[in-house]
Number of protein chains: 2
Amino acid sequence: MARPVDTAAPSLVDDVSFLLARANALALAAGNAALAEHGLKARSYSVLVLSLAADAPTQRDLAEFLRLDPSQVVALVDGLETRGLVERRADPSDRRVKVVVATPAGRALAARAHVSAGEAEERAHAALSADERETLRDLLRRVAFPGADG
Amino acid sequence: MARPVDTAAPSLVDDVSFLLARANALALAAGNAALAEHGLKARSYSVLVLSLAADAPTQRDLAEFLRLDPSQVVALVDGLETRGLVERRADPSDRRVKVVVATPAGRALAARAHVSAGEAEERAHAALSADERETLRDLLRRVAFPGADG
DNA sequence: TATTGTTATACTCTATAACTATA
DNA sequence: TATAGTTATAGAGTATAACAATA
């Protein structure tokens, strides 16, 4: 840029929260671009991946894990269900809850999308070595899940 | 939570981009809550802090640095200018560009808001030691500004 | 009474294009 | 012809409240 902001004087570049926001914006843009060819975005990809788990999540679980309002999860699951990628299954023990589980088509798409997402992440974090990426992953995990203790 | 998502089976918790998104969501929520008492949000706080620089940024600079569209910067600067926190000054050498510079009131508010934001960040990253936080800052800086080379 | 999923609604944020004034 | 700032607008994302079914 012709007239760059002085990155030394303001404390913004030393603000971890700001760096977090900017790094996330870059990774999100790269991730969404990579997932677009599969008809997915970061949100729907996350729901799809979580629905692969052996212990399938309820919509409430998804909302808590992804920090979304339950009403937003409805729309995300609707979109995936319409495409035949996930199914809603009533829980026999509590008929209020609905468990979200990936279909075979959903599992296949998730596998392909995972490759694309991995490539995008590779490019987004090209500035870091493998060791540094591992360190970043561990530190972020502890910040993102404060109560985990592990 | 009563029925937690299995955090081992899905690869989402090993996905740096996902951890980045969740860590950012937590830090953003904490930051916005802390800044609210000053009538600021993360966005407006960022503009205000950048306008403190000796080499005051143009609106174009702000847009690039914050990864916002120039039209969004207009609204942010409008809000701060209405409150008397920043001023738009025409650049004599190029009368198209407008430089954004904090007023004394803006500087004073920025100082108070900086304290609140720092406390929020302290709480948000309480899981990390001082050394670890410094490591996180360095790694994020390189991911957030890929072209910096140092 | 409390909780899960759902619907509806309003608000914010984001992206895009067009306009003006300067260069 | 190109660029900085501005305006307008539509779309996506987000937050909130209320509702039905079930516990």
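Quick note on labels: first sequence line is chain A, next is B, and so on, each numbered from 1.
Residue A:L76 contributes atom CG, which lies 13 Å from atom P of D:dA15 at whole-angstrom precision. Computed from coordinates, the A:K98 NZ to C:dT3 P distance equals 19 Å when rounded to whole Å. If you measure from atom CZ of B:R67 to atom P of C:dT14, you get 11 Å, rounded to the nearest angstrom. Atoms CG (B:L62) and C1' (D:dT6) sit 15 Å apart, rounded to a whole Å. As rounded to whole Å, 14 Å separates atom C1' of C:dT14 from atom CG of B:L66. One can place CD of A:E64 at 12 Å from P of C:dT3, the figure rounded to the nearest angstrom. Atom pair A:R60:CZ and C:dT6:P shows a separation of 11 Å (rounding to whole Å applied).
Comment: B:R141 engages A:D14 in a salt bridge, judged by a side-chain N to carboxylate O separation of less than 4.0 angstrom. Salt bridge absent: B:K98 and B:E81 never bring a charged side-chain N and a carboxylate O closer than 4.0 Å.
Looking at which nucleotide of DNA chain C each of B:L68 and A:R88 is closest to, the 5′-most match is held by A:R88.
For A:K41 and D:dA12, the shortest distance from a side-chain N or O to OP1 or OP2 is not below 4.0 Å.
When only modelled atom types and interatomic distance are considered, A:S129 and A:D131 share no side-chain donor-acceptor pair under 3.5 Å. Donor-acceptor pairing under 3.5 Å is lacking for the side chains of A:D138 and A:T135.
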N/O donor to acceptor pairs below 3.5 angstrom from side-chain atoms of residues 41-50 of chain B, sequence neighbours left out:
from: B:S44; atom 1: OG; to: B:K41; atom 2: N; distance (Å): 2.9
from: B:S44; atom 1: OG; to: B:K41; atom 2: O; distance (Å): 3.2
from: B:S46; atom 1: OG; to: B:A42; atom 2: O; distance (Å): 2.8

Listing, residues 67-74 of chain B side-chain donor-acceptor contacts under 3.5 Å, not counting sequence neighbours, or none:
from: B:D69; atom 1: OD2; to: B:S71; atom 2: N; distance (Å): 3.0
from: B:D69; atom 1: OD2; to: B:S71; atom 2: OG; distance (Å): 2.7
from: B:Q72; atom 1: OE1; to: B:D69; atom 2: N; distance (Å): 3.2

Taking distance alone, no hydrogens or angles, what donor-acceptor pairs closer than 3.5 Å link side-chain atoms of residues 99-111 of chain A to residues at least two apart or in another chain?
from: A:T103; atom 1: OG1; to: A:G84; atom 2: O; distance (Å): 2.7
from: A:T103; atom 1: OG1; to: A:L85; atom 2: O; distance (Å): 3.2
from: A:T103; atom 1: OG1; to: A:A105; atom 2: N; distance (Å): 3.4
from: A:T103; atom 1: OG1; to: A:G106; atom 2: N; distance (Å): 3.0

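The aromatic rings of B:F145 and A:F18 sit tilted relative to each other, their planes meeting at an angle between 30° and 60°.
For residues 22-31 of chain B, proximity to DNA chain D is found at no residue, defined as any non-hydrogen atom under 4.0 angstrom from a strand atom.
Checked against salt bridge (charged side-chain N to carboxylate O under 4.0 Å, His left out), A:E121 has no partners two or more places apart in sequence or in another chain.
In this structure, the nucleotide among C:dT14, D:dT6, D:dT14 sitting nearest to the side chain of A:R43 is D:dT14.
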**Q.** Annotated protein contacts, base or backbone, on nucleotides 16-23 of chain D with a non-hydrogen cut-off under 4.0 Å, one of B, S, - each
**A.** B----BBS
